[in-house]
Structures are given as structure tokens and as C-alpha cells.
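Single-structure report; data block below.
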Amino acid sequence: MKLGPLNHVGVAVPSLAEALTHWREVMGASQIHDPIALPEQGVTVCFVDTPNSQVELLEPLGENSPILKFLERNPEGGQHHLAFEVPDIDEARAYYEGLGKRILGPTRVGAHGTPVFFLHPKDMGGILTEIMETPRH
Ligand code: CO
């Protein structure tokens with residue numbers, strides 16, 4: 001296993017509209033993508049481009065959104081996960097399974113249209129870690 005590029009930092013927000021104002025007006029972001037609703041993941045995501053990476057803003061979608069609990073503990077929102085790229089998602093999954101790391105749910109298609117899975121923060125130094133296959137384009 002070789003550490004791949006940091007694709008994005010996930011940030012949970014109570015309101016996408018308010019967060020976008022912050023990123024535009026305080027942080028100076030100019031490249032902001034259209035929001036994408038991912039009902040099966042319980043979130044609406046919106047990517048903000050930085051010169052070398054992206055910030056993924058996550059707003060809860062639906063009553064069973066996995067980020068509602070996070071927002072209860074962090075009402076202002078905050079850093080939620082780090083996403084690293086791998087060349088082969090199945091190989092990466094087998095690798096982490098082999099290490100005995102807890103994987104949260106099945107491999108799914110993420111917001112970039114490539115397969116992703118999440119690793120339990122308690123097994124990952126406190127960091128909810130997203131592993132995603134490198135987008136091919
Ligand atoms: Co993510």
C-alpha cells in the first residue's frame with residue numbers, strides 16, 4: 001500500500017448556503033461546483049476547488065443522514081473526513097480488511113463517480129478516512 005493523493009477534505013455544515021457564502025466571501029473561493037444530492041448516502045455535497053485540492057461541503061439530506069450526529073456534537077459544522085486516492089478500490093479494501101480495520105458499509109459510488117469506502121475513525125487515528133479510486137479523466 002502506498003499513500004495516494006489527498007483528494008479532498010470533507011467538512012460537515014448545517015447549511016450549504018451559509019457555508020458557500022463563507023467560502024466565497026471569507027476564504028476567497030471562486031471555483032464552486034453545483035451541489036449534488038446523494039440520497040443513498042444521506043448528504044448533499046458541494047465541492048469547492050482550491051489550487052491543489054478540494055473541500056467537500058456536506059449538508060445532511062433526510063432524517064437518517066449519517067452527519068446529523070456529527071452536527072449534534074459540532075453544531076457549527078467542522079472537519080469530517082479526509083479522502084485519499086488509490087489506483088484500485090478492491091485491492092485497497094482487501095488491504096484494510098487484512099489489517100482488521102473496520103469498514104463502514106459497502107463500497108459505493110461517491111460524488112466523483114468513482115467507488116469509495118470509509119474506514120472507522122477509531123481504527124484510523126481518530127480520522128474518518130475515505131478511500132476513493134482515482135477518477136480517470
Ligand atoms: Co468525501
Side-chain angles (χ1 to χ4, degrees):
M1 184 68 182
K2 188 168 160 251
L3 182 62
L6 175 65
N7 180 276
H8 63 266
V9 176
V11 174
V13 301
S15 157
L16 210 42
E18 284 174 27
L20 287 175
T21 301
H22 168 80
W23 283 90
R24 221 181 261 116
E25 294 180 7
V26 179
M27 296 302 287
S30 56
Q31 300 281 96
I32 296 171
H33 297 252
D34 290 333
I36 309 165
L38 298 172
E40 66 284 3
Q41 296 188 30
V43 289
T44 302
V45 304
C46 183
F47 284 97
V48 176
D49 289 353
T50 78
N52 68 336
S53 192
Q54 287 185 312
V55 174
E56 177 187 41
L57 303 174
L58 305 144
E59 184 187 63
L61 177 61
E63 281 168 24
N64 298 317
S65 173
I67 61 171
L68 281 173
K69 239 200 259 173
F70 181 93
L71 288 172
E72 268 171 37
R73 293 191 301 266
N74 307 276
E76 309 293 312
Q79 189 183 312
H80 181 261
H81 66 270
L82 298 181
F84 293 94
E85 295 180 20
V86 295
D88 183 319
I89 198 78
D90 295 326
E91 200 178 286
R93 192 172 173 113
Y95 167 78
Y96 287 111
E97 274 170 354
L99 291 180
K101 302 296 183 188
R102 280 168 284 181
I103 298 177
L104 301 168
T107 300
R108 289 180 292 210
V109 175
H112 287 90
T114 68
V116 309
F117 63 83
F118 288 86
L119 292 156
H120 200 296
K122 287 196 173 144
D123 294 342
M124 298 298 290
I127 299 165
L128 175 60
T129 304
E130 177 180 356
I131 301 296
M132 63 176 280
E133 201 163 85
T134 302
R136 292 176 221 293
H137 46 63

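Every value quoted in this text rests on a predicted model; they were computed, and no experiment measured them. Both ligands and their constituent atoms are indexed starting at 1 by order of listing.
Both Phe117 and Leu99 are members of a single hydrophobic cluster when ILVMFWY side chains are connected at heavy-atom separations under 4.5 Å.
Interatomic distance, CG of Leu58 versus OG1 of Thr44, reported as 9.5 Å (0.5 Å rounding).
Contact annotation: the side chain of Ile127 never approaches that of Leu119 to less than 4.5 Å [non-hydrogen atoms, C-beta and beyond]. Using a 4.5 Å cut-off on side-chain heavy atoms (C-beta onward), Asp34 and Ile36 make no contact.
A side-chain N or O of His81 and one of Glu56 form a donor-acceptor pair less than 3.5 Å apart. Judged purely by distance below 3.5 Å, without hydrogens or angles, the side chains of Gln54 and His112 pair a donor atom with an acceptor atom.
Protein N/O/S atoms closer than 2.8 Å to the Co ion (ligand 1), listed by chain and residue number, are His8 NE2, Glu56 OE1, His81 NE2, Glu130 OE1.
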